[in-house]
Amino acid sequence: MPVHNADIAAAFRRLADLLEIEGENPFRVRAYRNAAATVGGLPRDAAGMIADGADLSELPGIGDDLAAKIAEMVEKGSLHLLEEIETRVPPGLSDMARVPGLGPKRVKAIHDALGIDTLEALERAARKGRLRTLSGFGAKTEKNILDQLARFEGVEKRLRLIDAEHIAEPLVAYIRGIDGVKQAVVAGSYRRQKETVGDLDILVTAKDGAAVIARFVAYDEVGDIVSKGTTRSTVMLKSRFQVDLRVVPEVSYGAALFYFTGSKAHNIELRKRAIRRGWKLNEYGLFEGDDRIAGKTEEEIYEKLALPFIVPQLRENRGEIEAAEKGALPDLVSLQDIRGDLHCHTTASDGKYSIREMAEAAKERGYAYLGITDHSKSQTVAGGMSEDELAAQIDEIDALNEELDGIRVLKSCEVDILSDGKLDFSDKLLSRLDYTVCSIHGAFNLSREKQTERVLRAMDNPHFTILGHSTGRLINQRPPYDIDLEAVMDAARERGCYLELNAQPSRLDIDDIHCKMARDLGLKVPISTDAHSTDGLEMMRFGIAQAGRGWLEAKDVLNTLPLEKLLKAFGR
DNA sequence: GCCGTTTTCGGCCCGACTGTTTTCAGTCG
């Protein structure tokens, strides 16, 4: 069974958990966690890199030992050290360590004293009041553990960025209305525009932190107050979504914004950079001894550290600091660069509006073109068109283009890729289109080899242009199907095809890491909304956010091209 | 386990809050 980066990262994370419970050197533990992040964020499968003779020890945080362990995983599909530790440390302990409030030390103490190694046994012991007999544990800790166990299931899910916005916007508006609040902004993964957000980190500047926090915890939606100090507070909303608030003085705004935006890995790199210069960087500023030499803005912190400003989307320690040093940071694509949308639906299949209405909405957004991509005949549940209906739609679009001014409607179709790799319409009909978006809507469970083969075969069809939502994942609902996107991208480049970045907040497919892979391969990425209504065109901004996280510049995005060049790129 | 502008050993990011202590350990972000 081929081993993928996610498997290697999971093994390293598990190893780190178990080593930590064993009381191993915390820096060794951190090395495994860092390595998990590095491998998980690689634009290519480590297996392929090794096959190509790459030296993985050149990767940041990967030395000879970890490179050898990655090779071992790739070769054998398992890790000897992990198996060995699992014979000493019961696997249930790593589950216990995931209970909020329980860390490696407490888990070890509970296991050593009471022999507990499952969540069930932990709950029984807490109910019987056995935990409080341990030194360092009291009645309150025991109750907290019980409370956490009660809500343990179903809590872990991260919210889609769009859902987080719906919580954050009214909350920030409320905080801005509190007396004495100067600035209030959401930092964290929300500001980095990650596809999902685990909690909200809100930064406030004000003189009297305690007063602000008193009002914050009184917000209507607050369920439980987890902690409440004079500078920070954590609450759990009634929706079980966590919000952290931090109050700092205005002079520290930039430093705090930097600190709470993260990512943690990016922050640590910059702190080390400060240390090398004999300084200290924390959420209050950049300090030389007791003197604050920067901190009011993020820009001055980067400047002092001899770096150009790095936008939040790039702050993942995935090469952005090295790029900044070399003056090679990407100038990220923005909404203003987009000239049109290449994937949307109308009443001809499962959309809500006519072609004309969609085209007018696109024109209002300042677009020069809009591709109409209704479903093909196999998509019966989504009102897929018959051959005759698509033929009629082609004529309708030709006539409409005669009438419309300032926007060109492109003739296309979201054509099903059948399970054998054939396309769902005849070549003769497809040849009348400006381009196609070809998508998988069924047979998700094929093996990686078969699924990849299926798409490559479809791509052999000369009328194949864009692969729609390339992995089929639905965030928090459905995992991606197993497919070798690297092979697909290579094939797409050879054949003049493209992989879509679907901007739907539940899809964002391809993801940031694969966007970067496409960029590295020189493969332009179309960013499309898959809109089923005029409002749906608005989702473009989520695609732009994901593209930025994948380092895409305007030149890397297909639909920044003006109409003539776009048609040329389609071979028309 | 990694790494080098104090470079092959001896460091490794930094601070707030809670609960248990009575000066601090554990956890979290």
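Letters A, B, ... are given to chains in the order of the sequence lines, protein chains preceding strands, and every chain is numbered from 1. The structure displayed is predicted, hence computed values, not measured ones.
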Nearest 0.5 angstrom please: [X] [atom1] to [Y] [atom2], how far?
X: A:R273; Y: A:W279; atom1: CZ; atom2: CH2; value: 10.0 Å
X: A:T38; Y: A:I70; atom1: OG1; atom2: CD1; value: 8.5 Å
X: A:Q546; Y: A:I513; atom1: CD; atom2: CD1; value: 9.5 Å
X: A:L200; Y: A:T234; atom1: CG; atom2: OG1; value: 11.5 Å
X: A:C515; Y: A:I527; atom1: SG; atom2: CD1; value: 7.0 Å

OP1, OP2 of B:dA16 versus side-chain N and O of A:Y284: anything below 4.0 Å?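 True: A:Y284 side-chain N/O within range (under 4.0 Å) of B:dA16 OP1/OP2.
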Expressed as a whole number of angstroms, how long is the span from [X]:[atom1] to [N]:[atom2]?
X: A:L203; N: B:dG15; atom1: CG; atom2: P; answer: 17 Å
X: A:K280; N: B:dC12; atom1: NZ; atom2: P; answer: 13 Å
X: A:F260; N: B:dC14; atom1: CZ; atom2: C1'; answer: 11 Å
X: A:K272; N: B:dC12; atom1: NZ; atom2: C1'; answer: 7 Å
X: A:E283; N: B:dC17; atom1: CD; atom2: C1'; answer: 13 Å
X: A:R246; N: B:dG15; atom1: CZ; atom2: C1'; answer: 7 Å
X: A:F27; N: B:dC2; atom1: CZ; atom2: C1'; answer: 11 Å
X: A:L286; N: B:dC14; atom1: CG; atom2: C1'; answer: 13 Å

How far does the [atom1] atom of [N] sit from the matching atom of [M], given to the nearest Å?
N: B:dC9; M: B:dC14; atom1: P; result: 25 Å
N: B:dG11; M: B:dT5; atom1: C1'; result: 16 Å
N: B:dC12; M: B:dC17; atom1: P; result: 25 Å
N: B:dT21; M: B:dG26; atom1: P; result: 13 Å
N: B:dG15; M: B:dT20; atom1: P; result: 26 Å

Show each protein N/O and nucleotides 18-28 of chain B N/O combination with a separation under 3.5 Å, one pair to a line.
| unit_1 | atom_1 | unit_2 | atom_2 | d |
| --- | --- | --- | --- | --- |
| B:dT18 | OP1 | A:K228 | N | 2.8 |
| B:dG19 | O3' | A:T141 | OG1 | 3.0 |
| B:dT20 | OP1 | A:G138 | N | 2.6 |
| B:dT20 | OP1 | A:G138 | O | 3.2 |
| B:dT20 | OP1 | A:T141 | N | 3.2 |
| B:dT20 | OP1 | A:T141 | OG1 | 3.0 |
| B:dT27 | OP1 | A:G103 | N | 2.6 |
| B:dT27 | OP1 | A:G103 | O | 3.1 |
| B:dT27 | OP1 | A:R106 | N | 3.0 |
| B:dT27 | OP2 | A:K105 | N | 3.2 |
| B:dT27 | O5' | A:G103 | N | 3.4 |
| B:dC28 | OP1 | A:G101 | N | 2.7 |

Using nucleotides 3-10 of chain B, report all nitrogen or oxygen pairs with the protein that are shorter than 3.5 Å.
| unit_1 | atom_1 | unit_2 | atom_2 | d |
| --- | --- | --- | --- | --- |
| B:dC3 | OP1 | A:G61 | N | 2.7 |

Closest heavy-atom pair and its distance - A:A35, A:L66: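 It is CB-CD1, 3.8 Å.
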For the backbone of A:T196 and the side chain of A:R158, can you confirm whether one donor and one acceptor N or O come within less than 3.5 Å of each other?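 Yes, because the side chain of A:R158 sits within donor-acceptor range (under 3.5 Å) of the backbone of A:T196.
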Flag, side chain of A:Q242 to backbone of A:D199, donor-acceptor distance under 3.5 Å: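 No, because the side chain of A:Q242 does not come within donor-acceptor range (under 3.5 Å) of the backbone of A:D199.
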Scan [X] against the nucleic acid and name what it touches under 4.0 Å (heavy atoms): base, sugar-phosphate only, or nothing.
X: A:T230; value: sugar-phosphate
X: A:K69; value: sugar-phosphate
X: A:D201; value: sugar-phosphate
X: A:L270; value: nothing

Indicate the ring-plane relationship of A:Y302 and A:H266, choosing parallel, tilted or perpendicular according to the 30° and 60° boundaries.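 Tilted.
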Within residues 8-26 of chain A, find the residues that approach DNA chain B with a heavy atom at under 4.0 Å, and present them sorted by residue number.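 Listed by number, they are A:N25.
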Position toward the 5' end of DNA chain B (nearest nucleotide), A:S233 or A:Y259: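 Per heavy-atom nearest nucleotide, the more 5' residue is A:S233.
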Sequence-distant partners of A:E288, side chain to side chain donor-acceptor pair (under 3.5 Å), two or more places apart: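 Residues passing side chain to side chain donor-acceptor pair (under 3.5 Å) with A:E288: none at all.
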Complementary nucleotide for B:dG19 - Watson-Crick or wobble, under 3.5 Å: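 WC or wobble partner is B:dC24.
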Taking A:E195 first and then A:R549, would you say they form a salt bridge - that is, a charged N and a carboxylate O separated by under 4.0 Å?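 No.
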A:L66 side chain, from C-beta outward: closest of B:dC2, B:dC17, B:dG29: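 Output: B:dC2.
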Residues forming a salt bridge (charged side-chain N to carboxylate O under 4.0 Å, His left out) with A:D17, sequence neighbours excluded: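 By the salt bridge (charged side-chain N to carboxylate O under 4.0 Å, His left out) rule, A:D17 matches A:R33, A:R98.
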Show me the donor-acceptor pairs within less than 3.5 Å that the side chains of residues 122-130 of chain A make with the rest of the protein, sequence neighbours left out.
| unit_1 | atom_1 | unit_2 | atom_2 | d |
| --- | --- | --- | --- | --- |
| A:E123 | OE2 | A:R127 | NH2 | 2.7 |

